[in-house]
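Encoded as structure tokens, the structure appears first; notes follow it.
So that the names make sense, note that chain A is the first sequence line, chain B the second, and so on, each numbered from 1. Being a predicted model, the structure only gives us computed values, none of them experimental.
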Protein chains: 4
Amino acid sequence: MTVKQPARRSERSRQAILGAAAELVAEVGFPKLTIEAIAARAGVGKQTIYRWWPSKGAVVFDAMLSGMSEDGDLSLPDTGDLAADLRLVLRGTVAEMADPAFQAPGRAMTTEIQSDPVLAREYRERLLGPNLEAAKARLRSAQETGEVGRNVDLDVAVEMIFGPVYYRWLLRLGPLDDAYADAVAGLAVAGLR
Amino acid sequence: MTVKQPARRSERSRQAILGAAAELVAEVGFPKLTIEAIAARAGVGKQTIYRWWPSKGAVVFDAMLSGMSEDGDLSLPDTGDLAADLRLVLRGTVAEMADPAFQAPGRAMTTEIQSDPVLAREYRERLLGPNLEAAKARLRSAQETGEVGRNVDLDVAVEMIFGPVYYRWLLRLGPLDDAYADAVAGLAVAGLR
Amino acid sequence: MTVKQPARRSERSRQAILGAAAELVAEVGFPKLTIEAIAARAGVGKQTIYRWWPSKGAVVFDAMLSGMSEDGDLSLPDTGDLAADLRLVLRGTVAEMADPAFQAPGRAMTTEIQSDPVLAREYRERLLGPNLEAAKARLRSAQETGEVGRNVDLDVAVEMIFGPVYYRWLLRLGPLDDAYADAVAGLAVAGLR
Amino acid sequence: MTVKQPARRSERSRQAILGAAAELVAEVGFPKLTIEAIAARAGVGKQTIYRWWPSKGAVVFDAMLSGMSEDGDLSLPDTGDLAADLRLVLRGTVAEMADPAFQAPGRAMTTEIQSDPVLAREYRERLLGPNLEAAKARLRSAQETGEVGRNVDLDVAVEMIFGPVYYRWLLRLGPLDDAYADAVAGLAVAGLR
DNA sequence: AAGTAATCGAGACGGTACGTCATGTCTTACC
DNA sequence: GGTAAGACATGACGTACCGTCTCGATTACTT
């Protein structure tokens, strides 16, 4: 969340808290995670957490952000073959979602977002939004080559691509493997034509 | 959840608990819902809840089940026009999801499913599964008329239909209206061809 | 307590309850003794206990009564030598009080008597009273031989004899052995002259 | 009880708890006294009680200690006339025991001591012991004047003095008035010669 | 270099809810 | 009708965390 960065904040404590939060959410899951446990594990006073983060969710969110390479290039490949590019992207998405290290915090995030509007906004704007924007950019380019219909609503289009994957992941409806990624990519490309 | 059915369980208490849970989850939301409040509202001892349900989530789940017409005909319409049928179904789905009365418990359910495997199974088997099966049946019929390709994996196909809607709903990515339902239906039908 | 003796009372259950109570009070002590545990140990419904006894204390009291030879001859020996007779009696009293098997129920009794007037009355009339009466009888006889002064209040006198022993036992002020019994007997006899 | 004195304990809370405990034990009696009620009356969290006292009994004990002038001069009068001095002391003892305000907590204490060894020790060392010591000191002085035999065991002697009173009080064997105090004093002095 | 103010660790505080236990009442089915 | 079994409403238990608060003790800027 990183509310603000005042002069005298202890970076050491911040790191310890984020690290402890990341460890603990993986160990016990989000619902059983407590601020007290984070403070204890981080060797930090509770107040230091309350001073800088508004909620448990915010801490975990920050911990997840720290754990990600925020600088990563989000843009999708553009080889001119939309189907191939989507297959590639979805295979990556699917692999990440199947990764056990991502599961606990990922689900926690989804959960927390449901009851914390501030967090939800943060999530949409800082994590999800940029990714969806990148996908839309690729589809826009595909519209120019004619691979995607001109009248297709791109907001709906990106949801057609990632929605099914997210759905299967969250509700554990089936395996998240390359075959699945390819199938979704195939149906999507066909639909967008 | 209805774990087991020993001897003589008080039906009156069961109804009161389920009713109170449904009311309270709508009033305060799932995270702020407490067993004590349910017991108090239902005029029931806490132990009576703990005796029959393993967790808060299980109670709310049961409450939701009770609130639904379980006998309802799940099968999709089959007018011979797949696109029209899907539009109809998705409009209904979207309307339900936009309904404020469904929001709180619906999100609560999704949330709770993430950390309770028993509940998750129950959810998939008793609520989600039948609905997806009904959709698959309609698609299978569409395969016979040629509206859907023979080699399309129907599991993936149903996720292509409902996944995007669920995605938009859960992450609040945009409005859930008829236009959106139609757009999703359109793209899906095109993809499945 | 034995409230009443209606026709169809199960003697088998009564015995089982009293036995279980006696065992349990020795095992866990009176404060941790529960009606449920007694019922379970006795293989009896809780209601059967509630039907026949008004309180936990009453059950234990009855159990203790059953455990004692109620028919025993309470009268003190009268050899003509009061000091010797008292030594004998007090040695017996002291030995009983030091007996581990008597400790738990004995203390429980004392405890329970404090807050249950009915029980207290029962205790004084059925257990304590007869014993004190017997001692008074012996002292009365001693008054005739001149070993005890004519103007001595015998109620006070018996309390001078048993009070110190009870005091030392209840508050664990020191060992309860023959030497102590003899010392008390000696001082008492001297005082009563 | 005052288990330990770490860091910064709230004196205000301590007083409120002790006060509430004293009031409540007088109102409802020890067996019906609950920690929750004490906390509520004191305007304090339950945890604050559990943090500093190990049991309900310990709280009440502390409350009683606070209610007593701990600084009081315990030593018995020494006018040179043992009988007169003992009469005086026993009249005081008897009056205190007959005082309704002392009854409930006094009996509670006795009761609680039976099942809590820690409390029992505390009681013997901090309340009872000093009083008995004071009495022994007076008797020792009497041994020098010849009023008490040289070979009398003073531990037994003090029990001969207070035991009967305690016995009559606890088991409600008779009135606790001046006449009784005098009778006990008289018999005791005669015995100790 | 000393003064000073924000931050830190620690943890006590008033609370809420937890999940468990025992109470005493009740209902059912058996004998 | 008494019984074993056990569900029920009640209410206290002792524990876990909540979010706030105070306490020195650093610590890094200011003067």
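The only option from D:K56, D:E122, D:E112 that meets the side-chain contact (heavy atoms from CB on, under 4.5 Å) definition with D:F61 turns out to be D:E122.
Applying the ring pair (Phe, Tyr, Trp, His ring centres under 6.0 Å) test to A:Y123 and every residue at least two apart in sequence or in another chain returns nothing. Applying the side chain to side chain contact (heavy atoms under 4.5 Å, CB included) criterion to D:R172, with sequence neighbours excluded, gives C:Q114, C:R124, D:R107. Residues meeting the ring pair (Phe, Tyr, Trp, His ring centres under 6.0 Å) test with C:Y50, sequence neighbours left out: none. Applying the side chain to side chain donor-acceptor pair (under 3.5 Å) rule to A:T48 yields no partners; only residues at least two apart in sequence or on another chain are considered. With sequence neighbours excluded, the residues satisfying side chain to side chain contact (heavy atoms under 4.5 Å, CB included) with B:E11 are B:R14, B:Q15. In this structure, D:S55 has no side chain to side chain donor-acceptor pair (under 3.5 Å) partners at least two apart in sequence or on a different chain. Scanning for side chain to side chain contact (heavy atoms under 4.5 Å, CB included) contacts around A:A26 gives an empty result, with sequence neighbours left out.
Taking atom CD1 of residue C:I49 and atom C1' of nucleotide F:dG2, one finds them 15 Å apart after rounding to whole Å. Atom CZ in D:R12 sits roughly 12 Å away from atom C1' in E:dG14 (whole-Å rounding). Per the geometry, CH2 belonging to C:W52 stands 18 Å off P belonging to E:dG24, to the nearest Å. If you measure from atom CD of B:E11 to atom P of F:dA7, you get 16 Å, rounded to the nearest angstrom. Atom CZ of C:R51 and atom C1' of F:dA4 are 10 Å apart (whole Å).
Taking the C1' atoms of five terminal pairs at each end of the helix from E:dA1-F:dT31 to E:dC31-F:dG1, the two resulting helix axes are inclined by 10°, rounded to 10°.
Expressed to the nearest 0.5 Å, how far CE of C:M64 lies from CZ of C:F102 amounts to 5.5 Å.
Applying the 4.0 Å criterion to OP1 and OP2 of F:dG2, one finds that C:T48 has every side-chain N and O outside that range. Within the 4.0 Å cut-off from OP1 or OP2 of F:dT27, not a single side-chain nitrogen or oxygen of A:S10 is found. In this structure, D:W53 does not reach the F:dG14 phosphate: none of its side-chain N or O atoms is under 4.0 Å from OP1 or OP2.
The stretch residues 22-42 of chain B touches DNA chain E through B:T34, B:I35, B:E36, each having a heavy atom under 4.0 angstrom from the strand.
Annotation: of the two residues near DNA chain E, D:G43 and B:K56, the 5′-most nearest-nucleotide partner is D:G43.
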5' to 3', nucleotides 25-31 of chain E under a 4.0 Å protein heavy-atom cut-off (B base, S sugar-phosphate only, - none) gives BBBS---

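Each side chain to side chain donor-acceptor pair (under 3.5 Å) pair with one or both residues in residues 16-26 of chain B, not counting sequence neighbours, appears once here: B:E23-B:R41.
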List the atom pairs, with distances to 0.1 Å, where a side-chain N or O of residues 28-38 of chain D and a protein N or O form a donor-acceptor pair under 3.5 Å, not counting sequence neighbours.
| from | atom 1 | to | atom 2 | distance (Å) |
| --- | --- | --- | --- | --- |
| D:T34 | OG1 | D:A37 | N | 3.0 |
| D:E36 | OE2 | D:K46 | NZ | 2.8 |

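Among the nucleotides E:dC8, F:dC8, E:dC13, the one closest to the side chain of D:R9 is E:dC13.
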